Participant: 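Have a look at the structure that comes next, please.
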Number of protein chains: 2
Amino acid sequence: MDFKKAILEAVEPLFDRNGFMASGMDRLTDAAGVSSRTLYKHFGSKTGLMAAVLDERDRRFRSRLDVQTVDAFFAALEDWIRIEGARGCLFLRALGETGGDTPEIVAAVQTQKAFLRERIGDIVRVQLDEPREDLVDQLLVLFEGATAGAAYRGPEVASAAREAADILVSNARK
Amino acid sequence: MDFKKAILEAVEPLFDRNGFMASGMDRLTDAAGVSSRTLYKHFGSKTGLMAAVLDERDRRFRSRLDVQTVDAFFAALEDWIRIEGARGCLFLRALGETGGDTPEIVAAVQTQKAFLRERIGDIVRVQLDEPREDLVDQLLVLFEGATAGAAYRGPEVASAAREAADILVSNARK
DNA sequence: GCCAATGTAAAACGATCGTTTTACATGTCA
DNA sequence: TGACATGTAAAACGATCGTTTTACATTGGC
(Lines give C-alpha, C1' and ligand atoms only; values in the text may rest on other atoms or scores of the structure.)
Protein backbone atom coordinates (compact mmCIF):
# COMPACT_ATOMS: atom_id res chain seq x y z
CA MET A 1 0.00 0.00 0.00
CA ASP A 2 2.70 2.48 0.88
CA PHE A 3 4.81 0.54 -1.61
CA LYS A 4 2.58 1.97 -4.31
CA LYS A 5 2.64 5.35 -2.62
CA ALA A 6 6.45 5.33 -2.66
CA ILE A 7 6.42 4.70 -6.39
CA LEU A 8 3.96 7.54 -6.93
CA GLU A 9 6.06 9.92 -4.88
CA ALA A 10 9.15 9.07 -6.91
CA VAL A 11 7.40 9.37 -10.24
CA GLU A 12 5.33 12.51 -9.77
CA PRO A 13 8.28 14.94 -9.84
CA LEU A 14 9.39 13.49 -13.17
CA PHE A 15 5.97 14.03 -14.71
CA ASP A 16 5.80 17.49 -13.22
CA ARG A 17 9.29 18.53 -14.18
CA ASN A 18 9.53 17.04 -17.71
CA GLY A 19 5.95 16.51 -18.79
CA PHE A 20 3.94 13.29 -19.03
CA MET A 21 4.61 12.33 -22.62
CA ALA A 22 8.28 13.28 -22.38
CA SER A 23 8.80 10.94 -19.41
CA GLY A 24 9.60 7.49 -20.71
CA MET A 25 8.92 4.34 -18.74
CA ASP A 26 12.63 3.59 -18.44
CA ARG A 27 13.33 6.79 -16.58
CA LEU A 28 10.18 6.35 -14.50
CA THR A 29 11.16 2.86 -13.36
CA ASP A 30 14.70 4.05 -12.68
CA ALA A 31 13.44 6.91 -10.52
CA ALA A 32 11.09 4.59 -8.66
CA GLY A 33 13.82 2.00 -8.15
CA VAL A 34 11.47 -0.68 -9.36
CA SER A 35 11.39 -3.11 -12.25
CA SER A 36 9.02 -2.41 -15.12
CA ARG A 37 7.34 -5.75 -14.44
CA THR A 38 6.37 -4.64 -10.94
CA LEU A 39 5.23 -1.25 -12.12
CA TYR A 40 2.92 -2.78 -14.71
CA LYS A 41 1.57 -5.28 -12.20
CA HIS A 42 0.51 -2.45 -9.88
CA PHE A 43 -0.65 0.20 -12.32
CA GLY A 44 -1.49 -1.66 -15.49
CA SER A 45 -0.21 0.90 -17.95
CA LYS A 46 1.47 4.27 -18.20
CA THR A 47 -1.98 5.82 -18.32
CA GLY A 48 -2.89 4.00 -15.11
CA LEU A 49 0.25 5.33 -13.50
CA MET A 50 -0.57 8.86 -14.57
CA ALA A 51 -4.09 8.60 -13.18
CA ALA A 52 -2.76 7.20 -9.90
CA VAL A 53 -0.31 10.09 -9.63
CA LEU A 54 -3.14 12.55 -10.12
CA ASP A 55 -5.35 10.84 -7.56
CA GLU A 56 -2.59 10.87 -4.99
CA ARG A 57 -1.88 14.52 -5.71
CA ASP A 58 -5.55 15.30 -5.25
CA ARG A 59 -5.47 13.61 -1.86
CA ARG A 60 -2.53 15.74 -0.79
CA PHE A 61 -4.15 18.85 -2.22
CA ARG A 62 -7.34 18.34 -0.23
CA SER A 63 -5.58 18.05 3.08
CA ARG A 64 -3.41 21.09 2.41
CA LEU A 65 -6.31 23.34 1.42
CA ASP A 66 -8.63 22.37 4.23
CA VAL A 67 -9.37 25.88 5.51
CA GLN A 68 -12.37 27.98 6.51
CA THR A 69 -12.01 31.42 4.97
CA VAL A 70 -11.34 32.80 1.52
CA ASP A 71 -8.25 34.60 2.73
CA ALA A 72 -6.86 31.45 4.32
CA PHE A 73 -7.64 29.54 1.16
CA PHE A 74 -5.47 31.76 -1.01
CA ALA A 75 -2.77 31.87 1.63
CA ALA A 76 -2.74 28.07 1.59
CA LEU A 77 -2.61 28.15 -2.19
CA GLU A 78 0.50 30.29 -2.05
CA ASP A 79 2.13 27.79 0.31
CA TRP A 80 1.13 24.94 -1.97
CA ILE A 81 2.65 26.62 -5.00
CA ARG A 82 5.81 27.43 -3.10
CA ILE A 83 6.22 23.85 -1.93
CA GLU A 84 4.86 21.81 -4.81
CA GLY A 85 6.37 23.92 -7.55
CA ALA A 86 5.00 26.45 -9.94
CA ARG A 87 4.62 24.58 -13.18
CA GLY A 88 0.91 24.98 -13.78
CA CYS A 89 -1.96 22.74 -12.77
CA LEU A 90 -0.76 19.15 -13.19
CA PHE A 91 -4.32 17.99 -13.83
CA LEU A 92 -4.90 20.38 -16.71
CA ARG A 93 -1.46 19.62 -18.06
CA ALA A 94 -2.29 15.90 -18.12
CA LEU A 95 -5.57 16.70 -19.82
CA GLY A 96 -3.84 18.80 -22.45
CA GLU A 97 -1.12 16.27 -23.14
CA THR A 98 -3.64 13.50 -23.70
CA GLY A 99 -6.06 15.61 -25.73
CA GLY A 100 -8.93 14.71 -23.41
CA ASP A 101 -9.08 11.31 -25.06
CA THR A 102 -8.07 9.18 -22.08
CA PRO A 103 -11.05 8.34 -19.84
CA GLU A 104 -8.96 7.61 -16.73
CA ILE A 105 -7.29 11.02 -16.99
CA VAL A 106 -10.53 12.82 -17.72
CA ALA A 107 -12.08 11.19 -14.66
CA ALA A 108 -9.18 12.16 -12.40
CA VAL A 109 -9.38 15.77 -13.57
CA GLN A 110 -13.14 15.96 -13.18
CA THR A 111 -12.93 14.57 -9.66
CA GLN A 112 -10.33 17.13 -8.65
CA LYS A 113 -12.08 20.08 -10.22
CA ALA A 114 -15.46 19.12 -8.84
CA PHE A 115 -13.95 18.95 -5.37
CA LEU A 116 -12.24 22.28 -5.86
CA ARG A 117 -15.46 24.02 -6.73
CA GLU A 118 -17.29 22.42 -3.83
CA ARG A 119 -14.64 23.49 -1.37
CA ILE A 120 -14.76 27.08 -2.56
CA GLY A 121 -18.55 26.90 -2.43
CA ASP A 122 -18.43 25.69 1.17
CA ILE A 123 -16.12 28.49 2.21
CA VAL A 124 -18.24 31.13 0.53
CA ARG A 125 -21.41 29.77 2.11
CA VAL A 126 -19.84 29.93 5.56
CA GLN A 127 -18.43 33.38 5.11
CA LEU A 128 -21.46 35.05 3.52
CA ASP A 129 -24.23 32.69 4.57
CA GLU A 130 -25.72 33.06 1.14
CA PRO A 131 -25.07 30.71 -1.82
CA ARG A 132 -23.54 33.37 -4.18
CA GLU A 133 -22.61 31.12 -7.10
CA ASP A 134 -21.28 34.11 -8.99
CA LEU A 135 -18.65 34.74 -6.33
CA VAL A 136 -17.67 31.08 -6.38
CA ASP A 137 -17.08 31.28 -10.12
CA GLN A 138 -14.95 34.37 -9.70
CA LEU A 139 -12.84 32.82 -6.94
CA LEU A 140 -12.36 29.71 -9.04
CA VAL A 141 -11.00 31.88 -11.84
CA LEU A 142 -8.61 33.52 -9.39
CA PHE A 143 -7.46 30.12 -8.20
CA GLU A 144 -6.74 28.84 -11.71
CA GLY A 145 -5.13 32.11 -12.65
CA ALA A 146 -2.72 32.00 -9.72
CA THR A 147 -1.82 28.38 -10.49
CA ALA A 148 -1.22 29.08 -14.16
CA GLY A 149 0.44 32.47 -13.72
CA ALA A 150 2.91 31.09 -11.20
CA ALA A 151 4.45 29.10 -14.06
CA TYR A 152 6.04 32.23 -15.45
CA ARG A 153 5.72 34.87 -12.72
CA GLY A 154 6.45 32.81 -9.64
CA PRO A 155 4.48 32.10 -6.46
CA GLU A 156 3.95 35.80 -5.76
CA VAL A 157 0.98 35.87 -8.14
CA ALA A 158 -0.88 34.02 -5.43
CA SER A 159 -0.85 37.14 -3.26
CA ALA A 160 -2.29 39.17 -6.12
CA ALA A 161 -5.05 36.58 -6.31
CA ARG A 162 -5.47 36.79 -2.57
CA GLU A 163 -5.88 40.57 -2.62
CA ALA A 164 -8.35 40.36 -5.47
CA ALA A 165 -10.31 37.69 -3.61
CA ASP A 166 -10.53 39.81 -0.49
CA ILE A 167 -11.89 42.72 -2.50
CA LEU A 168 -14.45 40.55 -4.25
CA VAL A 169 -15.61 39.06 -0.95
CA SER A 170 -16.03 42.36 0.84
CA ASN A 171 -17.77 43.74 -2.23
CA ALA A 172 -20.17 40.80 -2.27
CA ARG A 173 -20.93 41.30 1.41
CA LYS A 174 -21.97 44.86 0.61
CA MET B 1 5.89 33.58 -46.92
CA ASP B 2 2.21 32.64 -46.78
CA PHE B 3 3.39 29.20 -47.77
CA LYS B 4 4.90 28.93 -44.31
CA LYS B 5 1.80 30.51 -42.81
CA ALA B 6 -0.39 27.89 -44.49
CA ILE B 7 1.70 25.15 -42.90
CA LEU B 8 1.42 26.78 -39.48
CA GLU B 9 -2.34 27.11 -39.82
CA ALA B 10 -2.66 23.43 -40.68
CA VAL B 11 -0.39 22.28 -37.89
CA GLU B 12 -1.55 24.41 -34.97
CA PRO B 13 -4.90 22.64 -34.50
CA LEU B 14 -3.08 19.32 -34.22
CA PHE B 15 -0.78 20.63 -31.51
CA ASP B 16 -3.72 22.23 -29.74
CA ARG B 17 -6.03 19.26 -29.99
CA ASN B 18 -3.60 16.40 -29.28
CA GLY B 19 -0.69 18.02 -27.49
CA PHE B 20 2.78 18.83 -28.80
CA MET B 21 4.62 15.68 -27.84
CA ALA B 22 1.75 13.44 -28.90
CA SER B 23 1.73 14.93 -32.40
CA GLY B 24 4.21 13.02 -34.54
CA MET B 25 5.89 14.53 -37.57
CA ASP B 26 4.12 12.11 -39.90
CA ARG B 27 0.72 13.36 -38.91
CA LEU B 28 1.92 16.95 -38.98
CA THR B 29 3.25 16.68 -42.53
CA ASP B 30 0.08 14.90 -43.60
CA ALA B 31 -2.10 17.65 -42.17
CA ALA B 32 0.05 20.32 -43.79
CA GLY B 33 -0.01 18.49 -47.13
CA VAL B 34 3.73 18.90 -47.35
CA SER B 35 6.72 16.59 -47.51
CA SER B 36 8.86 16.24 -44.44
CA ARG B 37 11.83 17.48 -46.44
CA THR B 38 10.12 20.80 -47.12
CA LEU B 39 8.99 21.14 -43.56
CA TYR B 40 12.50 20.65 -42.24
CA LYS B 41 13.91 23.08 -44.80
CA HIS B 42 11.57 25.82 -43.54
CA PHE B 43 11.48 25.18 -39.82
CA GLY B 44 14.65 23.25 -39.07
CA SER B 45 13.22 20.92 -36.46
CA LYS B 46 10.04 20.02 -34.64
CA THR B 47 11.04 22.49 -31.94
CA GLY B 48 11.41 25.19 -34.58
CA LEU B 49 7.96 24.36 -35.89
CA MET B 50 6.48 24.58 -32.41
CA ALA B 51 8.09 27.96 -31.80
CA ALA B 52 6.85 29.23 -35.18
CA VAL B 53 3.32 28.09 -34.33
CA LEU B 54 3.49 29.98 -31.05
CA ASP B 55 4.84 33.14 -32.69
CA GLU B 56 2.07 33.08 -35.28
CA ARG B 57 -0.53 32.53 -32.58
CA ASP B 58 0.85 35.46 -30.66
CA ARG B 59 0.49 37.65 -33.75
CA ARG B 60 -3.17 36.64 -34.09
CA PHE B 61 -3.72 37.11 -30.38
CA ARG B 62 -2.39 40.66 -30.39
CA SER B 63 -4.67 41.79 -33.19
CA ARG B 64 -7.70 40.19 -31.60
CA LEU B 65 -7.16 41.73 -28.19
CA ASP B 66 -6.38 45.22 -29.37
CA VAL B 67 -8.94 47.05 -27.23
CA GLN B 68 -9.09 50.09 -24.94
CA THR B 69 -10.99 49.14 -21.81
CA VAL B 70 -10.81 46.38 -19.25
CA ASP B 71 -14.37 45.34 -19.97
CA ALA B 72 -13.71 45.15 -23.71
CA PHE B 73 -10.54 43.19 -23.00
CA PHE B 74 -12.37 40.41 -21.19
CA ALA B 75 -15.17 40.46 -23.74
CA ALA B 76 -12.55 39.96 -26.45
CA LEU B 77 -11.03 37.17 -24.40
CA GLU B 78 -14.36 35.39 -24.29
CA ASP B 79 -14.62 35.67 -28.10
CA TRP B 80 -11.08 34.39 -28.46
CA ILE B 81 -11.78 31.38 -26.29
CA ARG B 82 -15.00 30.66 -28.12
CA ILE B 83 -13.29 30.78 -31.51
CA GLU B 84 -9.83 29.40 -30.80
CA GLY B 85 -10.93 26.66 -28.47
CA ALA B 86 -10.86 26.21 -24.76
CA ARG B 87 -7.90 23.93 -24.17
CA GLY B 88 -5.79 26.09 -21.92
CA CYS B 89 -3.02 28.50 -22.82
CA LEU B 90 -1.06 26.94 -25.70
CA PHE B 91 2.07 28.79 -24.62
CA LEU B 92 2.02 27.42 -21.10
CA ARG B 93 1.16 24.00 -22.43
CA ALA B 94 4.21 24.09 -24.69
CA LEU B 95 6.31 25.20 -21.75
CA GLY B 96 5.02 22.38 -19.59
CA GLU B 97 5.48 19.70 -22.22
CA THR B 98 9.09 20.70 -22.80
CA GLY B 99 9.93 21.18 -19.14
CA GLY B 100 11.19 24.70 -19.75
CA ASP B 101 14.35 23.20 -21.24
CA THR B 102 13.91 24.40 -24.83
CA PRO B 103 15.23 27.94 -25.34
CA GLU B 104 13.16 28.65 -28.46
CA ILE B 105 9.97 27.73 -26.61
CA VAL B 106 10.91 29.65 -23.50
CA ALA B 107 11.60 32.71 -25.64
CA ALA B 108 8.26 32.46 -27.44
CA VAL B 109 6.41 32.19 -24.14
CA GLN B 110 8.28 35.08 -22.55
CA THR B 111 7.56 37.29 -25.55
CA GLN B 112 3.85 36.52 -25.40
CA LYS B 113 3.53 36.96 -21.67
CA ALA B 114 5.55 40.17 -21.63
CA PHE B 115 3.26 41.59 -24.29
CA LEU B 116 0.18 40.46 -22.39
CA ARG B 117 1.25 42.25 -19.26
CA GLU B 118 2.13 45.41 -21.18
CA ARG B 119 -1.22 45.46 -22.90
CA ILE B 120 -3.10 45.14 -19.62
CA GLY B 121 -0.85 47.80 -18.17
CA ASP B 122 -1.67 50.16 -21.05
CA ILE B 123 -5.39 49.65 -20.61
CA VAL B 124 -5.24 50.22 -16.87
CA ARG B 125 -3.18 53.37 -17.32
CA VAL B 126 -5.70 54.80 -19.77
CA GLN B 127 -8.69 53.89 -17.67
CA LEU B 128 -7.39 55.05 -14.29
CA ASP B 129 -4.63 57.42 -15.33
CA GLU B 130 -2.51 56.03 -12.54
CA PRO B 131 0.02 53.17 -12.91
CA ARG B 132 -1.64 50.76 -10.40
CA GLU B 133 0.65 47.76 -10.82
CA ASP B 134 -1.35 45.85 -8.24
CA LEU B 135 -4.46 46.02 -10.38
CA VAL B 136 -2.50 44.88 -13.41
CA ASP B 137 -1.34 41.82 -11.48
CA GLN B 138 -4.89 41.04 -10.45
CA LEU B 139 -6.25 41.36 -13.98
CA LEU B 140 -3.45 39.16 -15.27
CA VAL B 141 -4.50 36.49 -12.80
CA LEU B 142 -8.08 36.78 -14.02
CA PHE B 143 -6.93 36.44 -17.60
CA GLU B 144 -4.92 33.28 -16.92
CA GLY B 145 -7.70 31.89 -14.78
CA ALA B 146 -10.29 32.32 -17.51
CA THR B 147 -7.99 30.73 -20.08
CA ALA B 148 -7.21 27.76 -17.84
CA GLY B 149 -10.69 27.35 -16.40
CA ALA B 150 -12.27 27.29 -19.83
CA ALA B 151 -10.55 23.95 -20.39
CA TYR B 152 -13.01 22.24 -18.09
CA ARG B 153 -15.83 24.75 -17.53
CA GLY B 154 -16.17 26.19 -20.99
CA PRO B 155 -15.96 29.73 -22.37
CA GLU B 156 -18.52 31.02 -19.85
CA VAL B 157 -15.79 31.38 -17.21
CA ALA B 158 -14.64 34.38 -19.20
CA SER B 159 -17.75 36.28 -18.16
CA ALA B 160 -17.06 35.48 -14.52
CA ALA B 161 -13.59 36.91 -15.05
CA ARG B 162 -15.15 39.90 -16.75
CA GLU B 163 -17.49 40.60 -13.84
CA ALA B 164 -14.66 40.24 -11.35
CA ALA B 165 -12.50 42.57 -13.41
CA ASP B 166 -15.22 45.23 -13.48
CA ILE B 167 -15.55 45.06 -9.71
CA LEU B 168 -11.79 45.31 -9.19
CA VAL B 169 -11.55 48.29 -11.53
CA SER B 170 -14.37 50.26 -9.96
CA ASN B 171 -12.95 49.43 -6.54
CA ALA B 172 -9.52 50.66 -7.59
CA ARG B 173 -11.05 53.88 -8.83
CA LYS B 174 -12.20 54.39 -5.27
C1' DG C 1 10.14 -28.22 3.29
C1' DC C 2 7.59 -26.54 -0.27
C1' DC C 3 4.30 -23.88 -2.86
C1' DA C 4 2.73 -19.60 -4.16
C1' DA C 5 3.41 -14.90 -4.35
C1' DT C 6 6.28 -11.06 -5.24
C1' DG C 7 10.18 -9.03 -6.38
C1' DT C 8 14.53 -7.99 -9.85
C1' DA C 9 17.31 -7.99 -14.15
C1' DA C 10 17.40 -7.93 -18.81
C1' DA C 11 16.22 -9.09 -23.33
C1' DA C 12 12.92 -8.75 -26.85
C1' DC C 13 8.54 -7.16 -29.08
C1' DG C 14 6.66 -4.29 -32.91
C1' DA C 15 5.59 0.46 -33.38
C1' DT C 16 6.71 4.96 -33.72
C1' DC C 17 9.82 8.78 -32.79
C1' DG C 18 12.51 12.93 -35.15
C1' DT C 19 15.54 13.41 -38.85
C1' DT C 20 18.21 12.56 -43.16
C1' DT C 21 18.77 10.76 -47.58
C1' DT C 22 17.96 9.11 -52.23
C1' DA C 23 15.60 9.69 -56.45
C1' DC C 24 12.79 12.31 -59.28
C1' DA C 25 9.50 16.08 -61.09
C1' DT C 26 8.77 20.78 -61.76
C1' DG C 27 9.27 25.92 -63.13
C1' DT C 28 12.23 29.98 -63.59
C1' DC C 29 15.84 32.71 -65.16
C1' DA C 30 20.41 33.34 -67.42
C1' DT D 1 19.29 25.07 -73.45
C1' DG D 2 20.78 24.16 -69.26
C1' DA D 3 21.64 25.06 -64.50
C1' DC D 4 19.47 25.96 -60.21
C1' DA D 5 16.18 26.24 -56.79
C1' DT D 6 12.13 24.13 -54.81
C1' DG D 7 8.93 20.93 -54.43
C1' DT D 8 7.16 15.61 -53.67
C1' DA D 9 7.39 10.61 -52.56
C1' DA D 10 9.33 7.23 -50.04
C1' DA D 11 12.79 4.62 -47.94
C1' DA D 12 16.03 4.37 -44.37
C1' DC D 13 18.47 5.96 -40.10
C1' DG D 14 19.31 4.83 -35.15
C1' DA D 15 16.89 5.81 -30.99
C1' DT D 16 13.31 5.34 -28.05
C1' DC D 17 8.49 4.37 -27.20
C1' DG D 18 5.09 1.35 -24.11
C1' DT D 19 4.64 -3.33 -23.09
C1' DT D 20 5.52 -8.37 -22.54
C1' DT D 21 8.35 -12.16 -21.70
C1' DT D 22 11.98 -15.17 -20.00
C1' DA D 23 14.77 -16.53 -16.26
C1' DC D 24 15.94 -16.28 -11.61
C1' DA D 25 16.11 -14.74 -6.43
C1' DT D 26 13.72 -13.94 -2.16
C1' DT D 27 10.15 -14.37 1.08
C1' DG D 28 6.04 -15.93 4.25
C1' DG D 29 2.49 -19.32 5.51
C1' DC D 30 0.54 -24.07 5.72
Side-chain angles (χ1 to χ4, degrees), chain A residues 1-55 93-106 108, chain B residues 1-55 93-106 108:
Chain A
M1 179 59 84
D2 57 8
F3 181 67
K4 291 182 72 169
K5 190 176 290 190
I7 294 177
L8 296 176
E9 272 178 33
V11 143
E12 184 182 326
L14 274 188
F15 282 146
D16 183 46
R17 160 90 230 175
N18 306 116
F20 290 93
M21 290 301 178
S23 303
M25 292 301 280
D26 278 11
R27 263 187 287 179
L28 294 171
T29 53
D30 279 1
V34 138
S35 73
S36 74
R37 198 169 199 267
T38 311
L39 203 147
Y40 274 93
K41 165 166 281 184
H42 284 303
F43 299 101
S45 63
K46 188 185 182 182
T47 297
L49 179 63
M50 289 170 53
V53 163
L54 293 180
D55 288 342
R93 287 171 62 197
L95 197 67
E97 292 208 39
T98 54
D101 295 326
T102 313
E104 306 165 71
I105 304 296
V106 172
Chain B
M1 179 61 83
D2 56 8
F3 180 68
K4 290 181 72 169
K5 190 177 289 189
I7 294 177
L8 295 177
E9 272 178 34
V11 143
E12 183 182 326
L14 274 188
F15 282 147
D16 183 45
R17 160 89 231 180
N18 305 115
F20 290 93
M21 290 301 178
S23 300
M25 291 302 280
D26 279 11
R27 263 187 286 178
L28 294 172
T29 53
D30 278 1
V34 137
S35 72
S36 75
R37 199 170 198 268
T38 310
L39 203 148
Y40 274 93
K41 165 165 280 183
H42 284 304
F43 300 101
S45 64
K46 188 184 183 182
T47 297
L49 180 62
M50 290 170 53
V53 164
L54 293 181
D55 288 342
R93 288 170 62 196
L95 197 66
E97 293 208 39
T98 55
D101 295 326
T102 313
E104 306 164 70
I105 304 296
V106 172

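Note that the structure is predicted; figures quoted are calculated from it, not measured. Lettering follows sequence order; numbering is per chain, from 1.
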Participant: Spell out, as yes or no, whether a donor-acceptor pair under 3.5 Å connects the side chain of E97(B) to the backbone of G19(A).
Facilitator: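 The answer is no, because no donor-acceptor pair under 3.5 Å joins these two groups.
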Participant: Quick test of your reading: applying ring pair (Phe, Tyr, Trp, His ring centres under 6.0 Å), list the pairs with at least one residue in residues 22-46 of chain B, sequence neighbours left out, ordered by first then second residue.
Facilitator: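 Only F3(B)-H42(B) qualify under ring pair (Phe, Tyr, Trp, His ring centres under 6.0 Å).
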Participant: Any idea which heavy atoms bring V106(B) and G100(B) closest together, and the distance?
Facilitator: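 It is CG2-O, 3.7 Å.
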Participant: With T47(A), which residues qualify under side-chain contact (heavy atoms from CB on, under 4.5 Å), at least two apart?
Facilitator: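 T47(A) satisfies side-chain contact (heavy atoms from CB on, under 4.5 Å) with S45(A), T102(A), E104(A), I105(A) once adjacent residues are dropped.
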Participant: According to side-chain contact (heavy atoms from CB on, under 4.5 Å), who are the partners of A32(A), at least two apart in sequence or on a separate chain?
Facilitator: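 Per chain and number, A32(A) pairs via side-chain contact (heavy atoms from CB on, under 4.5 Å) with I7(A), A10(A), V11(A), V34(A).
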Participant: Scan residues 28-39 of chain A for pairs that pass side chain to side chain donor-acceptor pair (under 3.5 Å), counting only residues two or more places apart or in two chains.
Facilitator: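 Of all non-adjacent pairs touching residues 28-39 of chain A, those that pass side chain to side chain donor-acceptor pair (under 3.5 Å) are S35(A)-T38(A).
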Participant: If you take all heavy atoms of T98(A) and A94(A), which pair is closest and at what distance?
Facilitator: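 That would be OG1-O, 2.8 Å.
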Participant: Could you name each residue pair satisfying salt bridge (Lys or Arg N to Asp or Glu O under 4.0 Å) that touches residues 7-17 of chain A, not counting sequence neighbours?
Facilitator: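 Of all non-adjacent pairs touching residues 7-17 of chain A, those that pass salt bridge (Lys or Arg N to Asp or Glu O under 4.0 Å) are E12(A)-R57(A), E12(A)-R60(A), D16(A)-R93(A), R17(A)-D101(B).
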Participant: I'd like the 5' and 3' limits of the part of DNA chain C contacted by chain B, with heavy-atom contacts below 4.0 Å.
Facilitator: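 Going 5' to 3' along DNA chain C, contacts run dC17(C) to dT22(C).
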Participant: Are the side chain of K46(B) and the backbone of S23(B) linked by a donor-acceptor contact shorter than 3.5 Å?
Facilitator: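 Yes: the side chain of K46(B) pairs with the backbone of S23(B).
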Participant: Heavy atoms within less than 4.0 Å of DNA chain C: which residues of residues 26-43 of chain B have one? Give them sorted by number.
Facilitator: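 Result for residues 26-43 of chain B: S36(B), R37(B), Y40(B), sorted by number.
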Participant: What parts of residues 11-25 of chain A reach DNA chain C, counting only heavy atoms under 4.0 Å away?
Facilitator: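 Here the set is empty: none.
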Participant: Counting C-beta onward and ignoring hydrogens, is there a side-chain heavy-atom pair between V53(B) and F15(B) closer than 4.5 Å?
Facilitator: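 A side-chain contact under 4.5 Å exists here.
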